[in-house]
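Step one of this worksheet: look at the structure below.
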Protein chains: 2
Amino acid sequence: MTTPARLASAAALIADPARAAMLQALMAGEALTAGELARSAGIAPSTASAHLAALTDGGLVAVHAQGRHRWFRIASEDVAAILESLMGLAEATRPARRWPHGEALHAARTCWDHLAGRLGVALHEGLVSRGVLRPAPGGWETTAAGDALLERLGVDLDAARRARRFACDCMDWSERRPHLGGGLARAICTLYLARGWVRRQPGEGLARRLVAPTPEGSRVLREAFGVRLDAEAA
Amino acid sequence: MTTPARLASAAALIADPARAAMLQALMAGEALTAGELARSAGIAPSTASAHLAALTDGGLVAVHAQGRHRWFRIASEDVAAILESLMGLAEATRPARRWPHGEALHAARTCWDHLAGRLGVALHEGLVSRGVLRPAPGGWETTAAGDALLERLGVDLDAARRARRFACDCMDWSERRPHLGGGLARAICTLYLARGWVRRQPGEGLARRLVAPTPEGSRVLREAFGVRLDAEAA
DNA sequence: TCTTCATTTCCGGCGGCGGCGAAGCACCGC
DNA sequence: GCGGTGCTTCGCCGCCGCCGGAAATGAAGA
């Protein structure tokens, strides 16, 4: 197979509305069953099964069979980053059109397993400008002072370091600037959800990705990293 | 139109082999005419015309009409970065398969208007570890010492600063680590080609993206940035 | 003005892919 | 063991999108 054909077939996996809907739902970071994904995309289970086989075969999603359920999730942070940047392309072509949750998604959402949107970008900037992170080959590393601050907050740095990448940039489609990805970003997001500093919104499909900082969360963001979020929402 | 459909239609623009081939050819950074792109993709001019209209309409390529020719180029560095990362997805799914110029493309190529591959990644690392660049919100900025070094080499920093982004990360599909993008990366690439420090290889389509450092270029890379390239090639 | 050439528009044809339902398979609980 | 449930396989249908050729358009050159 020649190279252009391979680029095309990789894109073709995302180019179907039903598959795109399933990928969007999975971008919330949680694993979902085949049935849930079929409902979320509005197609018959048999059709969804074929789509999921294609996505798995193409390396976009990973499966975990458990009993009579099959749980699907985004295969890797690389895949998540690619989907995130492709949404930027979709956004750029028709910037005027507003969709449900549009403004809320811009404000704060998850990107697979970490925080994105204005919240994610501001957090990234705060971590750098406060000297928690400094650049390293292929991404970022923590300073000694940064380690101390993160551990005081309760971030699981050991888990973060076990990831394939510790901290790297992930292009944010709504802000068109990078937010933080990698193991550290996941650990921070996990902590924020566990402590109730940000809360997931109810919903299905794309709405699964919505989060909102609680008052307590806003205070932590401001005091620890100097992140100030304007209070308006959709 | 709902969001999954928009993600899908953005991906669909890349999901056709003929369009993918044209985009690959344009990723060399130069503008090409509709006829050249038709030949490069192996399709009739009429078919190519329809494809190019779709790509233009979708914001992936930009047109410049001059006389009876129409010159097409990649629309922006964002688009180039997305195509580059999608190639990583194509690469990841079938890593074993080798294509023409495979190893040479991994070693050194252009990504739209800047350097990529092992050369591009090593250059990025060299710039950071030598203290030429330091992190800034949304990307990188030069240090005072860095400015002096780059100007001594002949890099057009004024032109670089006029770009929408001065210096940012661009995910390298073959190395799976970022190389440098933005105005600075373009200025450096332009200088290297003008001075004959790297040379384009002859060819068409994907091969347009191939470059190779000359002996003089290897010396400059080593002395200025500490970049040492292993000499093997395909 | 007439010719030439790059590009576009229109058209008919066709292949491929997504869609569903029915049947088959695997696993769980009773 | 037996029904219920989640998922997959199979077969078939309909439609969308890609294709090239012929004719039209528009700009360059003689």
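Excluded from the calculations below are hydrogen atoms, water molecules and symmetry mates; all remaining heavy atoms, backbone and side chain alike, are included. Within every chain, numbering begins at 1; the chains are lettered A, B, ... in the order of the sequence lines, protein sequences first and strands thereafter.
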Under-4.0 Å side-chain N/O to phosphate OP1/OP2 contact, B:R70 with D:dA27: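 Negative; the distance criterion is not met.
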
With heavy-atom distances below 4.5 Å as the criterion, would you say the side chains of [X] and [Y] are in contact?
X: A:R109; Y: A:D172; answer: yes
X: A:Q201; Y: A:V211; answer: no
X: A:L89; Y: B:L7; answer: no

Set of side chain to side chain contact (heavy atoms under 4.5 Å, CB included) partners for A:S218, sequence neighbours left out: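 Counting only residues at least two positions away or on another chain, A:S218 forms a side chain to side chain contact (heavy atoms under 4.5 Å, CB included) with A:P213.
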
Check: B:R68 side chain, C:dT8 base, donor-acceptor under 3.5 Å: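 Under the 3.5 Å cut-off, the side chain and the base do not form any donor-acceptor pair.
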
Lys NZ or Arg CZ of A:R186 over A:W112 ring: under 6.0 Å, within 45°: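 Here A:R186 passes the 6.0 Å and 45° test against A:W112.
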
Summary of ring pair (Phe, Tyr, Trp, His ring centres under 6.0 Å) pairs that have at least one residue in residues 11-51 of chain B, sequence neighbours excluded: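 The answer is none; no pair qualifies.
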
Could you state the atom-to-atom distance from [atom1] of [X] to [atom2] of [N] in whole Å?
X: A:Q66; N: D:dC7; atom1: CD; atom2: P; value: 12 Å
X: B:W71; N: D:dA27; atom1: CH2; atom2: C1'; value: 15 Å
X: A:L52; N: D:dT9; atom1: CG; atom2: C1'; value: 15 Å
X: B:L37; N: C:dA6; atom1: CG; atom2: P; value: 14 Å
X: A:D57; N: D:dT9; atom1: CG; atom2: P; value: 12 Å
X: A:L55; N: D:dT8; atom1: CG; atom2: P; value: 12 Å

Other residues, nucleotides, ligands: >12 heavy atoms within 6.0 Å of A:R164 CZ: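 Count over threshold, so yes.
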
Sugar-phosphate or base contact per nucleotide [nucleotides 15-25 of chain D; S, B, -; heavy atom under 4.0 Å]: ---SSBBB---

Most 5' of A:P17 and B:E36 on DNA chain C, judged by nearest nucleotide: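 The residue whose closest nucleotide sits nearer the 5' end is B:E36.
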
Ring pair (Phe, Tyr, Trp, His ring centres under 6.0 Å) against B:Y192, all qualifying residues, sequence neighbours excluded: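 With neighbours one apart ignored, the set is B:W197.
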
For residues 29-38 of chain B, dump all side-chain donor-acceptor pairs below 3.5 Å to protein atoms at least two apart in sequence or in another chain.
residue, atom, partner, partner atom, Å
B:E30, OE2, B:R200, NE, 3.4
B:T33, OG1, B:E36, N, 3.2
B:T33, OG1, B:E36, OE1, 3.3
B:E36, OE1, B:T33, N, 2.9

Bending between helix ends of the helix from C:dT1-D:dA30 to C:dC30-D:dG1 [5 pairs per end, 10° resolution]: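 Nearest ten degrees gives 30° for this helix.
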
